[in-house]
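Worksheet: one structure, shown below.
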Amino acid sequence: MDEHAAEHDDEADAEPRAWALGEPARVRLRGTLAAYSAAELRERAEALGVHPVVVGLMVGRGVVSLEQQRGFLAPRLRDLSLPTEMAGFAQAVELLLTARRRGWRVGMFGDYDVDGVTTTTILTTFLECLGVEIVPKVASREGGYGFGLEPAQALHEAGVDLVLTGDCGTSDHEALAWLQARDVPTIVIDHHHVPTTMPPATALINPHQAGCGFPFKGLCSAGVGFYLAAGMRSALAKAEPSSRANLPDPRAWLDLVALGTVCDMMPLVGDNRVLVRAGLEVLGQRQRPGVRELLRRARVEAEVSVDEGHLGFMLGPRLNAPGRLGSAEPSLELLRARSGAEAQALAAKVEMFNSQRRDLQERIVAEALELLAEDPKTPRRSGIVVARENWAPGIVGIAAAGIVERFARPTLVIGVDPGSGEARGSARSAGGVDVRAALEACAGLLRRFGGHKAAAGVSLDASAIPELTEQFDRACAAQLGEDAGSDPHDDHDGELALEDIDLGLIGAIESLGPFGVGFARPRYLCAGATVVGLRVLKERHLALTLRQGRHQRDAIAFRKAEFEVGRGDTVGCLFTPSRNSYRGNDRVQLIIDKIWRA
């Protein structure tokens with residue numbers, strides 16, 4: 001890799017990293033791993049028939065019992081929680097069956113991010129397979145977040161008899177009430193925070209609503225949509241046994257569930273782990289024309305197994321790009337494409353938006369870092385707020401991830417409209433801080449806020465930004481407790497010698513995927529290695545060859561070209577062992593998170 005991998009690295013939100021180049025990281029062994037001896041890990045590995053490194057990874061992430069570990073190694077769709085206690089589920093299924101039976105025209109409106117677009121694609125294409133007439137729409141940045149009055153009116157004018165919302169609607173009372181007054185029933189499919197006043201929807205399916213007995217609360221809207229499609233198929237199979245063989249199989253839509261779950265930063269545990277694992281298998285078949293074309297444009301070769309990294313770093317940013325800059329319609333059309341030719345033209349449009357997104361993102365991050373460098377309080381902040389006029393509201397979230405990468409602090413980046421004085425921003429988490437809860441502590445300054453633990457959005461008057469800067473800092477410090485004001489510890493999974501890293505070990509690690517939010521990707525400590533080769537790629541990335549004794553491995557440190565190091569120097573690092581696949585050849589490569597002089 002090197003050039004090949006470096007091309008991909010520009011695509012997505014990066015994991016948090018805070019450090020001064022050349023200074024040792026504050027490292028500690030992850031979770032309860034220190035309580036287990038190597039002999040105990042080997043004994044459990046023999047019982048499970050896996051590599052000891054797999055047991056160590058599970059133990060470090062709190063998966064310690066033999067029964068838990070067996071479930072983690074072999075997640076199955078039949079282990080999914082049943083939707084019988086999901087509030088609103090039965091009503092929604094019955095309403096959709098009525099729509100099919102009576103030949104209703106069904107409208108659906110989705111949010112402009114990957115979760116909204118995938119939820120809309122899942123339900124509209126599934127219903128079309130059942131013969132339902134569909135009017136699909138998705139949001140645009142100009143229209144603002146959520147299901148507004150304007151799209152509700154547009155769907156009504158299109159003559160729909162039923163409206164579904166995907167990844168929005170829970171807080172959109174005005175639009176739902178407007179439809180209710182015109183006797184248009186509505187189904188809200190969502191996973192965002194539920195306000196005290198319930199929305200005036202005919203059916204609300206949101207695991208977070210009061211009284212919902214569904215046990216797993218980490219679903220994204222695409223996951224909720226999958227359950228709804230599966231519930232509808234089950235009901236039809238029961239009512240029409242003779243038609244069972246001709247009914248669409250919801251498992252064919254699991255690729256989109258995996259996309260929505262990973263890209264919306266949902267925890268990869270419980271039901272999500274089952275859904276994403278199965279979804280990656282469907283993605284690997286490359287049956288959906290739009291996904292196949294996106295993988296081709298991301299230079300993911302046909303023989304390469306698709307993993308969660310491809311979703312989060314290559315597909316997700318591309319699908320998000322149109323909605324960050326305007327309407328998400330191109331992404332919806334791409335995922336709904338029925339032919340390769342149709343997908344090619346739409347993917348070219350999506351790629352154009354992604355290029356524009358990348359340029360804007362780099363500019364905002366550079367300007368934000370300049371502003372933060374000028375503020376003497378920045379190094380002592382527990383939570384960072386940075387704002388400027390004319391920063392694109394659709395880009396500030398991914399820019400926040402860039403700031404988090406540099407400072408490892410929860411960060412809120414805000415763009416201000418100089419004409420109206422309205423400020424809109426997005427926050428990203430670091431250090432385990434719940435950014436939505438931090439914003440809730442600042443609610444008196446905000447017009448609106450929402451999201452979840454890892455990412456959230458706000459709107460406010462620009463005049464409130466100075467006070468918000470202080471309140472957000474205090475709210476994050478309160479969550480961090482005694483760690484407030486100090487550099488965070490970097491958890492790792494133990495020290496790993498270069499000689500022990502081979503494709504067999506990497507295959508064992510891969511067997512435990514998917515990794516991500518809630519189930520951190522592996523990261524190991526190299527206390528000392530000699531640099532025997534180095535070069536800079538694309539003026540940003542540092543490619544290294546490291547040696548310990550007679551053993552050496554290639555490594556790459558993304559966005560660390562400024563690290564001053566020479567051949568013969570001894571360095572320490574935190575790294576993830578990875579498989580570099582290029583033109584049919586696999587080799588070991590270390591992805592370096594942090595590097596310092598040993």
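Values reported hereafter were calculated over all heavy atoms of this structure, with side chains retained and with hydrogens, waters and symmetry mates removed. Each residue takes its place number in the sequence, starting with 1.
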**Q.** T118 side-chain N/O to L259 backbone N/O, donor-acceptor pair under 3.5 Å
**A.** no
Q: Measure the CG-CG distance between L335 and L346 for me, rounded to the nearest 0.5 Å.
A: 10.0 Å
Q: Give the minimum heavy-atom separation between D111 and C168, together with the two atoms involved.
A: N-SG, 4.2 Å
Q) So with a 6.0 Å cut-off around CZ of R251, is the heavy-atom count from everything else above 12? A) no
Q: Take L96 and L162 through the side chain to side chain contact (heavy atoms under 4.5 Å, CB included) test and state the conclusion after the steps.
A: CA-CA 9 Å; L96 288 172; L162 169 66; 3.9 Å; yes
Q | Test log, rule ring-ring contact (aromatic ring centres under 6.0 Å, His included), inputs H541 and F558 | A | CA-CA 5 Å; H541 315 301; F558 290 118; 5.2 Å; yes
Q: Could you tell me whether the side chain of S327 and the main chain of S140 form a donor-acceptor pair under 3.5 Å?
A: no
Q | Contact summary for A222 and T119, nearest pair of heavy atoms | A | N-OG1, 3.0 Å
Q) Are I509 and Y524 close enough, and set up right, to give a side chain to side chain contact (heavy atoms under 4.5 Å, CB included), and what steps lead you there? A) CA-CA 12 Å; I509 291 173; Y524 292 94; 4.2 Å; yes
Q: Check whether any side-chain heavy atom of L164 lies under 4.5 Å from a side-chain heavy atom of V106, and answer yes or no.
A: yes
Q) Could you go step by step and tell me if I187 and T165 meet the side chain to side chain contact (heavy atoms under 4.5 Å, CB included) rule? A) CA-CA 6 Å; I187 301 173; T165 69; over 6 Å; no
Q) In Å and rounded to the nearest 0.5 Å, what is the CG to OG distance from D79 to S81? A) 9.5 Å
Q.
Between N320 and V114 (side chain of the first, backbone of the second, donor and acceptor by atom type, cut-off under 3.5 Å), is there such a pair?
A. yes
(Q) Walk me through whether M58 and Q69 qualify under side chain to side chain contact (heavy atoms under 4.5 Å, CB included). (A) CA-CA 7 Å; M58 288 191 287; Q69 290 173 351; 3.7 Å; yes
Q: Mind listing the closest non-hydrogen atom pair of L41 and Y36 along with its distance?
A: CD2-CB, 4.0 Å
(Q) When you compare the side chain of R70 with that of L48, does any pair of heavy atoms fall below 4.5 Å? (A) yes
Q. Looking only at heavy atoms, what is the nearest atom pair of M232 and L127, with distance?
A. SD-CD2, 3.6 Å
(Q) Counting C-beta onward and ignoring hydrogens, is there a side-chain heavy-atom pair between H310 and V304 closer than 4.5 Å? (A) yes
Q: Report yes or no: does D307 contribute a side-chain atom to a donor-acceptor pair with the main-chain N or O of G309 at less than 3.5 Å?
A: yes
Q | Q68, CD atom: more than 12 neighbouring heavy atoms under 6.0 Å | A | yes
(Q) Apply salt bridge (Lys or Arg N to Asp or Glu O under 4.0 Å) to residues R553 and D502 and explain how you reach the verdict. (A) CA-CA 9 Å; R553 296 288 182 267; D502 55 22; over 6 Å; no
Q: Please tell me if the side chains of P207 and F216 come closer than 4.5 Å, counting only heavy atoms from C-beta onward.
A: no
Q. Do R100 and E240 meet the salt-bridge criterion of a basic N to acidic O distance under 4.0 Å?
A. yes
Q | Sidechain N-carboxylate O distance under 4.0 Å for R521, D593 | A | yes
Q.
Are the side chains of V59 and T32 in contact, using a 4.5 Å heavy-atom criterion?
A. yes
**Q.** No-hydrogen, no-angle side-chain donor-acceptor test under 3.5 Å, D115 and H191
**A.** yes
Q | Straight-line distance of K349 NZ to N354 CG, nearest 0.5 Å | A | 15.0 Å
Q: Taking the side chain as every heavy atom from C-beta outward, state whether L29 and D491 have any atom pair closer than 4.5 Å.
A: no
(Q) With a 3.5 Å distance limit and no angle check, can you tell me whether N206 reaches the backbone of V188 through a side-chain donor-acceptor pair? (A) no
Q: Count the heavy atoms of every other residue, nucleotide or ligand shown that sit under 6.0 Å from CD of E67, and state whether that count exceeds 12.
A: no
(Q) Looking at H208 and K217, would you say the former's side chain and the latter's main chain have a donor-acceptor pair under 3.5 Å? (A) yes
Q.
Working note: D493 + R523, criterion salt bridge (Lys or Arg N to Asp or Glu O under 4.0 Å); need CA distance, chi angles, decisive distance, verdict.
A. CA-CA 6 Å; D493 295 293; R523 185 162 66 168; over 6 Å; no
(Q) Does the plane of the ring in Y227 sit parallel, tilted or perpendicular to the ring in F214? Use 30° and 60° as the thresholds. (A) perpendicular
Q | Straight-line distance of L236 CG to S243 OG, nearest 0.5 Å | A | 6.5 Å
Q | S234 side chain vs G231 backbone, donor-acceptor pair below 3.5 Å | A | no
Q) Hey, does the side chain of Q287 reach the backbone of V282 with a donor-acceptor pair shorter than 3.5 angstrom? A) no
Q.
Strictly distance-based, threshold 3.5 Å: is any side-chain N or O of R233 a donor or acceptor partner for the main-chain N or O of A229?
A. no
Q) Hey, are the side chains of L525 and L496 touching, using non-hydrogen atoms and a 4.5 Å cut-off? A) no
Q.
I want to know whether F226 and W253 have ring centres closer than 6.0 Å.
A. no
**Q.** For E351, the option from R318, R357, R297 that meets salt bridge (charged side-chain N to carboxylate O under 4.0 Å, His left out)
**A.** R318
**Q.** E128 bridged to R336 by N-O distance under 4.0 Å
**A.** yes
Q) Between I205, V257, L275, which is the residue that forms a side chain to side chain contact (heavy atoms under 4.5 Å, CB included) with L219? A) L275
**Q.** Minimum heavy-atom distance T576-P522, with the two atoms named
**A.** OG1-O, 2.6 Å
Q: For the pair E333 and R338, evaluate salt bridge (Lys or Arg N to Asp or Glu O under 4.0 Å) and give the outcome as yes or no after the intermediate values.
A: CA-CA 10 Å; E333 292 176 353; R338 297 183 178 181; over 6 Å; no
Q: Decide whether a cation-pi geometry holds between R324 and Y112; the criteria are a distance under 6.0 Å from NZ or CZ to the six-membered ring centre and an angle within 45° of the ring axis.
A: no
Q | Least distance between heavy atoms, A203 atom then A92 atom | A | CB-N, 3.9 Å
Q. When rounded to the nearest 0.5 angstrom, what distance separates CG in L130 from CG in L247?
A. 6.5 Å
**Q.** Ion pair R42/E46, N-O distance below 4.0 Å
**A.** no
Q.
With a 4.5 Å cut-off on side-chain heavy atoms, are R579 and L503 touching?
A. yes
**Q.** Separation between CE of M86 and CG of L204, rounded to the nearest 0.5 Å
**A.** 11.0 Å
Q: Check for a donor-acceptor pair, side chain of R273 on one end and backbone N or O of F515 on the other, with a separation under 3.5 Å.
A: no
